[in-house]
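Notes follow once the structure below has been shown.
Because only heavy atoms are used, hydrogens play no part in the values below, and waters and symmetry mates are left out as well, while side chains stay in. Chain A is the first sequence line, chain B the second, and so forth, proteins listed ahead of strands; every chain is numbered from 1.
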Amino acid sequence: MKTITQKELGIRISELRKSKGYSQDELAKLLEMSRPSLTQIELGNRNLSVIELKKIADNLSVSIDKLLSKDFQIETINIPSNDDNFKEELRISIPKLKVDKFKDILLYILEKCAGKPNVGETLLYKLLYFSDFNYYEIYEEHLTGAEYRKLPFGPVPQKIDSIINQMIEDKMIARFKTEYHGYPQTRYIPLIKPNLKNLIASEKDVIDKVIDQYSDWSASAISDYSHKDMPWLASKEGEVIDYELAFYREYPYS
DNA sequence: GCTGACCTCCGTAAACTCGG
DNA sequence: CCGAGTTTACGGAGGTCAGC
């Protein structure tokens, strides 16, 4: 088995950091280490303790497994082509990310949560998660089709970094860093209006309910709450959360 | 067990490079 | 010039090991 080198690990960390829009300085602060130390790690000149590795993985929203895996790659979005719709019709449908819908829903949530200082990146992910899973539970169809991975800070939509970066490039949203109750917070503001024509009534309804219910919660409160949700509970850390698990939910999640 | 020489690892500060 | 990242120099902390 080929193990990854220190240098490769450093490059991965560096790439992940950039994809999340952090400078070395910012990430170093989150990791509670000096900036040159992080520089050394990214250059592969400095060894990592397991504790540090865990911290890095957490802060970059990946699992340690993935960070060290042989076939690691930064997730990119492939624009779905229309000619592969015919192979649906499976009873258990495989989620397929609908990028445009995902962007619209993201814009919609950001617009509705404008002025709510608690809605940072973490809460945003959770609003997306509940929207997706609630919708699937009710209608047995995928809303955005995004896959969510179980990570220590909560469910994280896969490929979100590249979608967000694309939206920033396209001037659809802007990212800025701030502080909330003494903790660094990443926030996004919508620069354009969501295209509501892309959302049917039932979809909008589910999203609205999620926003009404959770958007005023603190990140830690919704964290505790979501960590008792069946799909979350039944998944292993680092793995993709199965949509089918939404059907095993109990009150008050169901 | 203690001590001193030596070594490695890591953090800090400052200088430097490079691109906008 | 400024900001981000890199390099360099220095020093502290801690481990190892021979010699006592």
Quiz item: Does A/Asp104 use its side chain to pair, donor to acceptor, with the backbone of A/Asn195 at less than 3.5 Å?
Solution: yes
Quiz item: With sugar-phosphate meaning primed atoms plus P, OP1 and OP2, does A/Glu42 contact a base, only sugar-phosphate, or nothing at under 4.0 Å between heavy atoms?
Solution: nothing
Quiz item: Roughly, in whole Å, what's the span from CD in A/Gln24 to C1' in B/dG11?
Solution: 15 Å
Practice problem: Please determine if A/Glu147 and A/Lys159 form a salt bridge, counting it only when a charged side-chain N lies under 4.0 Å from a carboxylate O. | Solution: no
Quiz item: Nearest-Å distance, CZ (A/Arg35) to C1' (B/dA15)?
Solution: 12 Å
Quiz prompt | Reference residue A/Phe133; test ring-ring contact (aromatic ring centres under 6.0 Å, His included); the match among A/Tyr135, A/Tyr136, A/Tyr129 | solution = A/Tyr129
Quiz item: Centres of the A/Tyr148 and A/Tyr125 rings: under 6.0 Å?
Solution: no
Quiz item: Any side-chain N or O of A/Ser37 less than 4.0 Å from the OP1 or OP2 oxygen of B/dC10?
Solution: no
Exercise. For A/Lys116 and A/Ser215, test the side chains for any donor-to-acceptor distance below 3.5 angstrom and give the result as yes or no.
Key: yes
Self-check item: Test item: A/Asp242 side-chain N/O and A/Glu244 main-chain N/O as donor-acceptor pair under 3.5 Å
Solution: yes
Quiz item: How would you give the extent of chain A contacts on DNA chain C, as first and last nucleotide 5' to 3' within a 4.0 Å heavy-atom cut-off?
Solution: C/dG5 to C/dT7
